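Below you'll find the structure, written out as structure tokens, and then a few comments.
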Amino acid sequence: MRVSCLMLVTLRDDPADAEIPSHKLLLRAGYIRRLGSGIYAYLPLLWRVLQKISTIVRQEMDATGALETLLPQLQPADLWQRSGRWAGYTAGEGIMFHLEDRQGRELGLGPTHEEVITALAADLLRSYRQLPVNLYQIQTKFRDEIRPRFGLMRGREFIMKDAYSFHANEASLRQTYAAMDGAYRRIFRSCGLKALAVEADSGAIGGSASQEFMVTADAGEDLILTSADGRYAANQERAVSLPPEPVELPGGLRAGGAGELLATPGQTTIEQLVGAHGFEASQLVKVLLLVARFEAGLRQPLLISLRGDQQLNEVKLANAVSAKLAGEHGVLLGIDPLSPELVAELNRIGGRAIDLSALPLGYLGPDLEDGVLTAARSSLVIEGRESRAGSAGAAAMPQPPRLHLSKTFLRLTDPTAADLPAFVCGANQVDQHRIGAGWAGLGLRPEVVDLRAAQPGDRCLHDPSQTLAAARGIEVGHIFQLGRKYSDAMEARFTSETGAEESLWMGCYGIGVSRLAQAAVEQNHDANGIRWPLAIAPFEVIVVSASAQDPVQVSLAEEIYDRLRSAGVDALLDDRNERAGVKFKDADLIGIPWRVVVGRGASDGQVELVCRDDGQRRDLAVEAALDALLDVIPAGRSGLESGVEA
RNA sequence: CGGGAUGUAGCGCAGCUUGGUAGCGCACUUCGUUCGGGACGAAGGGGCCGCAGGUUCGAAUCCUGUCAUCCCGACCA
């Protein structure tokens with residue numbers, strides 16, 4: 001390809017709406033253009049990168065026996081209603097673009113394909129003899145992200161490789177999951193990326209085991225905790241660790257564990273209590289009030305007890321709450337702090353009102369009575385769901401769920417708090433705490449759930465001499481063992497060896513192809529521009545004649561370009577009538593791994609070979625330069641020596 | 001959705017406080033000189049100043065509304 005024919009438009013200034021290096025560079029170097037928030041055109045240079053990544057992905061997926069396919073992006077709503085995800089994915093903070101066709105039928109634009117593939121599997125897979133199978137596709141996904149960000153990093157339209165496997169039993173699922181783990185490590189290594197495999201939360205997709213693949217980069221959206229020995233790595237959402245040992249409370253239990261009152265005027269935070277009384281934060285139990293929202297209308301107040309020096313991990317909390325209540329009340333839509341606005345909403349739906357002013361915020365103890373949820377004397381009751389005589393149109397709308405407020409707290413206690421023999425906690429009255437309280441003395445038998453966020457510096461479970469260190473990562477891949485969640489919901493069954501009808505076991509495996517391209521830039525750039533790993537660079541070599549006027553240089557450059565191309569090298573020829581400096585700057589910016597400069601030495605058959613990655617230059621005879629390139633390029637196409645580290 | 005910021009030429013910005021001819025740098029076109037790290041000179045082209053109302057003799061500038069984009073939080077490949 002000749003640069004003169006490439007529609008190359010590079011920018012000298014950083015675009016104002018880009019924040020992180022990779023986003024700026026992709027815009028400046030002419031790889032992408034924004035059409036709307038989270039919507040980008042992939043320009044020809046980037047398309048070459050995406051194709052190369054896709055080729056690597058295909059090779060590795062095919063090598064595991066996976067079958068490439070292409071599924072519809074336009075997906076009928078009833079599929080999603082059958083899996084129970086339609087409401088969660090379209091209402092409120094749902095992420096699916098959806099529309100109605102001319103007949104009034106509802107459709108969604110595929111954010112993921114569990115429903116479609118499971119419906120197909122239900123149709124096609126009848127016998128254990130057909131199993132296992134693993135189907136994959138590389139295609140555009142649509143997600144109405146709450147906050148699109150950083151160019152391709154979080155787009156509303158993006159390219160994803162997604163694979164779905166079906167099995168007769170869990171052991172087979174584990175086998176394919178392990179095969180995908182291996183394939184993913186090879187894919188990222190082949191792309192020339194340093195990636196880290198970490199334990200992950202399985203999130204909204206559901207299922208049991210899951211692992212994420214992170215490209216380490218400062219701009220990453222995820223926090224990863226790793227042990228120095230490399231044996232443990234996890235997303236902070238998921239990470240577990242040994243908490244620091246608490247400091248024993250002097251005096252132990254008082255008043256039989258009911259605690260003695262302690263005047264703490266104006267001291268509503270851990271820091272203030274520690275400062276005023278010389279406590280250690282680990283001697284305190286703090287209480288958080290939250291409300292969980294469920295799809296079927298339940299609003300469940302939560303009373304969470306944590307040791308004072310620990311932080312809540314909201315993902316762990318959501319999982320725990322969901323595990324307890326989602327079966328009966330549908331999908332957990334969210335968990336919110338008990339703010340005045342939320343109290344106002346609860347008051348509208350609760351029948352009786354919560355009186356926020358009666359809650360001694362900052363002085364709450366774990367034994368706060370359920371009575372506060374109904375105790376307000378306000379008789380101001382406003383019916384939330386008055387059914388107005390609706391028009392025909394309104395009548396056709398599905399009825400929103402009836403909101404209702406639980407009158408009792410769901411009380412969950414982190415082990416760090418539950419294990420304290422004696423502690424300081426709020427007294428449920430303003431300006432008072434209690435010292436020397438204990439769980440039994442307060443009349444409580446805490447329900448213990450791991451809710452604390454692991455922190456950098458915590459000791460590791462597998463080896464307490466190791467501590468966790470933090471790194472930031474960009475999630476480029478995620479593999480899940482789904483189990484039978486979708487096959488149960490969508491009745492995707494097969495006949496087993498014993499003749500019984502059983503639900504299929506499923507796994508799913510995703511790679512963000514377009515995100516991966518940008519992550520590669522984030523991990524490989526310098527002040528002058530992008531430094532593509534050879535394996536996914538849009539071109540492997542750029543041939544630049546220093547002077548477009550010198551016919552000797554021009555013809556030698558043409559010759560080298562032709563010979564590289566006929567040797568199977570992806571070569572680019574900068575044949576523009578520009579000054580050498582402009583061509584060099586552009587070559588660095590767009591990040592081509594090797595540059596052949598045909599300049600002053602051209603008449604003596606000498607050229608310069610420049611490596612973009614380390615900046616090294618060598619003056620070589622033409623033949624030597626070609627030999628060097630034909631040696632290093634095929635070797636480099638297979639990626640790094642060692643990519644995935646854990 | 002909550003909080004913060006910004007919309008002026010393809011890109012980056014000034015002008016707005018104090019209303020009166022729409023500007024600068026880069027990019028683009030033509031000519032000349034230059035030619036190994038984003039050259040120089042000359043001459044040009046390109047603007048519903050995000051949009052809609054309002055105030056005013058007069059609005060990029062003041063007021064109201066609205067839309068869009070970016071950043072910080074919940075979502076995820």
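Bear in mind that the values here come from a model prediction, so they are computed numbers and not experimental data.
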[N] pairs with which nucleotide, Watson-Crick or G-U wobble, both distances below 3.5 Å?
N	answer
B:C70	B:G4
B:A77	none
B:C40	B:G32
B:C24	B:G12
B:G19	none

For [X] and [N], give me the distance from atom [atom1] to atom [atom2], rounded to whole Å.
X	N	atom1	atom2	answer
A:Lys583	B:A39	NZ	C1'	15 Å
A:Tyr164	B:A77	OH	P	9 Å
A:Gln211	B:A77	CD	P	14 Å
A:Arg576	B:G38	CZ	P	14 Å
A:Ile335	B:C75	CD1	C1'	14 Å
A:Arg515	B:A77	CZ	C1'	5 Å
A:His113	B:C76	NE2	C1'	16 Å
A:Glu314	B:C75	CD	C1'	13 Å

Are the charged groups of A:Lys583 and A:Glu578 less than 4.0 angstrom apart, N to O?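 No salt bridge links A:Lys583 with A:Glu578.
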One thing to verify: whether A:Arg531 and A:Asp614 come together as a salt bridge, which I'm taking to mean a side-chain N less than 4.0 angstrom from a carboxylate O.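 No.
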4.5 Å side-chain heavy-atom contact, A:Leu302 and A:Leu412: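 Contact flag for A:Leu302/A:Leu412 side chains = no.
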Listing request: all side chain to side chain donor-acceptor pair (under 3.5 Å) pairs with a residue in residues 588-603 of chain A, at least two apart in sequence or in separate chains.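 Side chain to side chain donor-acceptor pair (under 3.5 Å) check on residues 588-603 of chain A returns A:Asp588-A:Arg595.
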Would you kindly compare A:Ser514 and A:Ser37 by the position of their nearest RNA chain B nucleotide and give the one closer to the 5′ end?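 With A:Ser514 and A:Ser37 compared, the 5'-side residue is A:Ser37.
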Let me know, please, whether A:Glu475 or A:Gly151 comes out on the 5' side of the other along RNA chain B by nearest nucleotide.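 Going by which nucleotide is closer to the 5' end, it is A:Gly151.
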For [X], give me all partners under side chain to side chain contact (heavy atoms under 4.5 Å, CB included), at least two apart in sequence or on another chain.
X	result
A:Asn577	A:Ala548, A:Gln549
A:Glu19	A:Phe150
A:Ser83	A:Arg85, A:Glu115, A:Tyr486, A:Met490
A:Leu70	A:Gln137, A:Gln139

Test of understanding: with salt bridge (Lys or Arg N to Asp or Glu O under 4.0 Å), list the residues that count as partners of [X], not counting sequence neighbours.
X	value
A:Asp13	none
A:Arg2	A:Glu558, A:Asp575
A:Arg154	A:Glu145, A:Glu221

Between [M] and [N] - [atom1] atom distance, rounded Å:
N	M	atom1	value
B:G19	B:U61	C1'	6 Å
B:U69	B:G46	C1'	24 Å
B:G25	B:A14	C1'	11 Å
B:A52	B:A59	P	14 Å
B:C49	B:G10	P	12 Å
B:A77	B:A5	P	34 Å
B:A22	B:U18	P	22 Å
B:G32	B:G36	C1'	23 Å

With a non-hydrogen cut-off below 4.0 angstrom, is [X] in contact with a base, only sugar-phosphate, or nothing?
X	answer
A:Val476	sugar-phosphate
A:Phe150	sugar-phosphate
A:Asp222	base

For A:Gln606, does its backbone N or O pair with a side-chain atom of A:Asp604 as donor and acceptor, under 3.5 Å?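 No: the side chain of A:Asp604 does not pair with the backbone of A:Gln606.
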Less than 6.0 Å separating the ring centroids of A:Phe188 and A:Phe213?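 Here the rings of A:Phe213 and A:Phe188 have centres that are less than 6.0 Å from each other.
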On the side chain of A:Asn528, is there an atom forming a donor-acceptor pair with the base of B:G37 - under 3.5 Å, no angle test?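 No, no donor-acceptor pair under 3.5 Å.
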Which letters describe nucleotides 1-16 of chain B, given B = protein heavy atom under 4.0 Å from base, S = only from sugar-phosphate, - = neither? ----------BSS---
Which of parallel (below 30°), tilted (30 to 60°) and perpendicular (above 60°) describes A:Phe142 and A:Phe97?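 It falls in the perpendicular class, over 60°.
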Would you call the rings of A:His23 and A:Tyr40 parallel, tilted or perpendicular if under 30° counts as parallel and over 60° as perpendicular?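 It falls in the perpendicular class, over 60°.
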Which ones in residues 154-163 of chain A lie close to RNA chain B, meaning a heavy atom under 4.0 Å from one of its atoms?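 Contacts with RNA chain B under 4.0 Å: A:Arg154, A:Gly155, A:Phe158, A:Met160.
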Give me the distances for all protein-to-nucleotides 47-50 of chain B N/O pairs that come in under 3.5 Å?
none

Is any side-chain N or O of A:Arg149 closer than 4.0 Å to OP1 or OP2 of B:G73?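 Checking A:Arg149 against B:G73: at least one side-chain N or O falls below 4.0 Å of OP1 or OP2.
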Can you give me the N/O atom pairs linking the protein to nucleotides 30-36 of chain B at distances under 3.5 Å, or say none if there are none?
unit_1	atom_1	unit_2	atom_2	d
B:U34	O2	A:Arg579	NH1	2.8
B:C35	N3	A:Gln549	OE1	2.8
B:G36	O2'	A:Arg600	NH1	3.4
B:G36	O6	A:Gly599	N	3.4
B:G36	O6	A:Arg600	N	2.9
B:G36	N2	A:Glu608	OE1	2.4
B:G36	N2	A:Glu608	OE2	3.3

Geometric cation-pi criterion, A:Arg515 with A:Phe158: 6.0 Å, 45°: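 Judged by the rule, A:Arg515 and A:Phe158 form no cation-pi pair.
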